[in-house]
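We use all heavy atoms of the structure for the numbers below, so side chains are in, but hydrogens, waters and symmetry mates are not.
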Amino acid sequence: MSVALESNAFFWGIEYLATFCCGMCGGLAAVRKGYDIFAILVTTWLTALGGGIIRDVLLGIAPPVGVSDKGLVIVALLASVAVAVCHPEINRLKWSMLSLDALALGLYAVNGTSKAMMYHTSGMTAVFLGMFTALGGGLIRDMFINEVPMVIRDKHWYAVPSAVGCVLTVLVCKGVDAGIVSFPAEVVLDLLIVALMVSMRLVSVIFDIQLPGALVRHNT
Amino acid sequence: MSVALESNAFFWGIEYLATFCCGMCGGLAAVRKGYDIFAILVTTWLTALGGGIIRDVLLGIAPPVGVSDKGLVIVALLASVAVAVCHPEINRLKWSMLSLDALALGLYAVNGTSKAMMYHTSGMTAVFLGMFTALGGGLIRDMFINEVPMVIRDKHWYAVPSAVGCVLTVLVCKGVDAGIVSFPAEVVLDLLIVALMVSMRLVSVIFDIQLPGALVRHNT
Amino acid sequence: MSVALESNAFFWGIEYLATFCCGMCGGLAAVRKGYDIFAILVTTWLTALGGGIIRDVLLGIAPPVGVSDKGLVIVALLASVAVAVCHPEINRLKWSMLSLDALALGLYAVNGTSKAMMYHTSGMTAVFLGMFTALGGGLIRDMFINEVPMVIRDKHWYAVPSAVGCVLTVLVCKGVDAGIVSFPAEVVLDLLIVALMVSMRLVSVIFDIQLPGALVRHNT
């Protein structure tokens with residue numbers, strides 16, 4: 001049994017692209033603050049791979065892929081070099097970066113949830129771990145560079161699509177376990193979930209849709 | 001062998017109450033900052049269950065109860081809903097909240113220490129893990145919302161009662177292992193420890209008792 | 001098989017000295033902020049032992065030495081007492097502290113890397129874990145007291161010597177595994193690596209050598 005979206009070279013390619021892009025988004029934050037090259041490197045790596053590290057620690061997998069998977073680490077390092085050299089260009093690609101970051105969010109959520117289900121966790125635990133995978137990298141980065149986490153600052157939908165995607169992924173995995181969903185169908189469904197998450201994220205940014213806060217009650 | 005204060009439905013009820021209240025205290029911080037509903041939810045959950053997650057990670061228990069125990073997660077989610085709707089009322093219940101938060105501190109310390117002892121750690125390790133359980137949730141929350149941790153900001157006794165409680169719990173557990181303390185006696189002693197911790201916390205707030213800082217030496 | 005620099009009482013003595021000093025550096029930050037004695041104690045302990053805790057969590061060792069090794073914990077507590085009482089004197093010993101902190105950095109990097117290699121991780125993973133051991137304590141401390149981490153703030157070489165030291169240590173460990181390097185030679189080589197790291201750190205501070213930031217391009 002394996003994670004559907006890691007089943008062949010094509011999906012690995014997408015995952016590497018997502019890691020690369022997610023790392024660049026993180027590295028940009030460090031470049032803007034005027035950090036030195038090592039801090040840019042660490043920030044990039046934490047953003048790209050921090051979520052998977054949290055997931056693996058909570059699943060009891062040691063050492064986590066973020067420090068042991070050569071491919072992913074090299075991609076993260078390349079992203080930090082790219083961002084240190086090409087940051088003016090990357091800064092200008094606002095919408096491409098936003099789309100690729102949303103793609104990374106989607107892939108991480110689906111793959112993180114599937115990996116947790118592979119380790120026979122309950123569906124609820126898998127949803128939590130999928131969300132940690134998707135959101136954890138940005139969270140660690142912001143704690144590292146001492147900012148309020150983007151998942152709080154960004155008023156547009158960021159966590160909501162990942163929650164929706166993780167719940168849907170659990171349903172797909174349960175369908176596979178029950179024999180209702182075949183492996184090719186799982187791949188297609190997973191891709192649809194990623195597409196749904198990317199759409200939700202982009203729609204909320206384009207149309208400026210925000211989550212409500214706590215109930216405001218004027219009689220108090 | 002089991003944790004004494006989780007041995008029957010009554011104690012589980014108390015634990016759920018403590019989790020609920022601890023979560024609400026955490027969620028209030030997010031409401032005051034004007035965060036959206038998802039950030040309130042995450043802050044509540046981290047405050048209520050973060051300490052137990054740290055404890056379980058350090059004990060090598062995967063996945064931690066904070067992402068796998070349905071009851072606790074549901075209680076934490078209910079707390080975030082409660083705080084998002086009733087925050088003006090909760091804000092007014094200052095002393096009730098303070099008392100319930102102290103109760104949560106006490107229960108988490110005693111249960112966390114007992115759980116560590118169940119995994120055959122040394123007494124010192126159990127004290128550390130009990131304190132992580134009691135203080136970790138608030139600590140993670142404050143790192144998450146980018147504030148100086150309350151355990152530092154709050155000048156009244158907060159960490160000291162938990163240290164005292166954890167050390168006493170280790171002594172009780174060692175008594176049980178040595179056959180000196182029976183199970184009913186353990187329950188009573190654990191309850192006395194919780195009561196002592198709640199009293200210490202409330203007394204320090206009411207009479208404004210603070211810990212000293214580093215030695216001030218005017219000749220330097 | 002064992003970690004070369006923990007093979008006899010002399011090296012343990014050096015490790016305790018490094019822990020003591022690293023803890024004092026951390027505690028000073030808390031004293032300067034006017035924290036109470038408990039917060040000083042926690043900050044000291046986190047700085048001295050936090051790196052090893054991260055390493056052990058990522059290696060799947062439970063519970064980590066930072067909460068289970070009585071000697072190290074006692075040394076960290078002594079450091080916090082020392083700093084609470086003698087902070088004016090310690091503040092004046094600027095260069096001694098800097099040297100001892102560099103020594104701690106070197107020892108932690110070499111020992112952390114060797115410990116990871118002992119657990120049969122790949123060389124890359126061992127380099128990551130060695131760097132976490134060396135840099136993690138200060139990182140956790142700064143996240144705890146809500147500051148931008150020193151590894152970012154300190155413009156002099158701090159992370160670079162630890163990266164160099166970890167890579168060299170992996171080479172030495174691989175030499176030992178291949179039968180090329182004898183145990184006494186490993187000890188000597190490890191000591192040389194520590195000396196190199198201390199020199200790099202001190203030279204960068206004395207001659208104010210800094211890492212470059214992201215590429216500045218004026219045509220953009």
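Contacts of B:M143 with chain C are made by side-chain atoms alone, with heavy-atom separations under 4.5 Å and no backbone atom involved. If you measure heavy-atom distances from C:V73 to chain B, the contacts under 4.5 Å come from the side chain alone. Only the backbone of B:L59 comes within contact range of chain C, with heavy atoms under 4.5 Å apart. Heavy atoms closer than 4.5 Å to chain C are found nowhere in B:I61, neither backbone nor side chain. Heavy-atom distances place the side chain of C:I40, and not its backbone, under 4.5 Å from chain B. In this structure, the portions of C:D36 lying under 4.5 Å from any heavy atom of chain B include both its backbone and its side chain. Of the atoms belonging to C:K33, not a single heavy atom falls under 4.5 Å from chain B. For B:Q210, no part lies under 4.5 angstrom from a heavy atom of chain C. Heavy atoms closer than 4.5 Å to chain B are found in the backbone of C:D69, but not in its side chain.
The nearest pair of heavy atoms linking C:S68 to B:T125 is CA-OG1, 3.3 Å. Taking both residues in full, the closest heavy atoms of B:P149 and C:F144 are given as CD-O, 2.8 Å, listed atom of the first, atom of the second, then distance. Contact record, C:I145 with B:V148: O-CG2, 4.3 Å, taken as the closest heavy-atom pair.
Side-chain atoms of C:N146 and B:D142, non-hydrogen and from C-beta on, never get closer than 4.5 Å to each other.
Using the six-membered ring where Trp is involved, B:F132 and C:W45 have ring planes that are tilted, between 30° and 60° apart.
Ranked by non-hydrogen atom pairs under 4.5 Å with chain C, the options B:L139, B:V127, B:L129 are led by B:L139.
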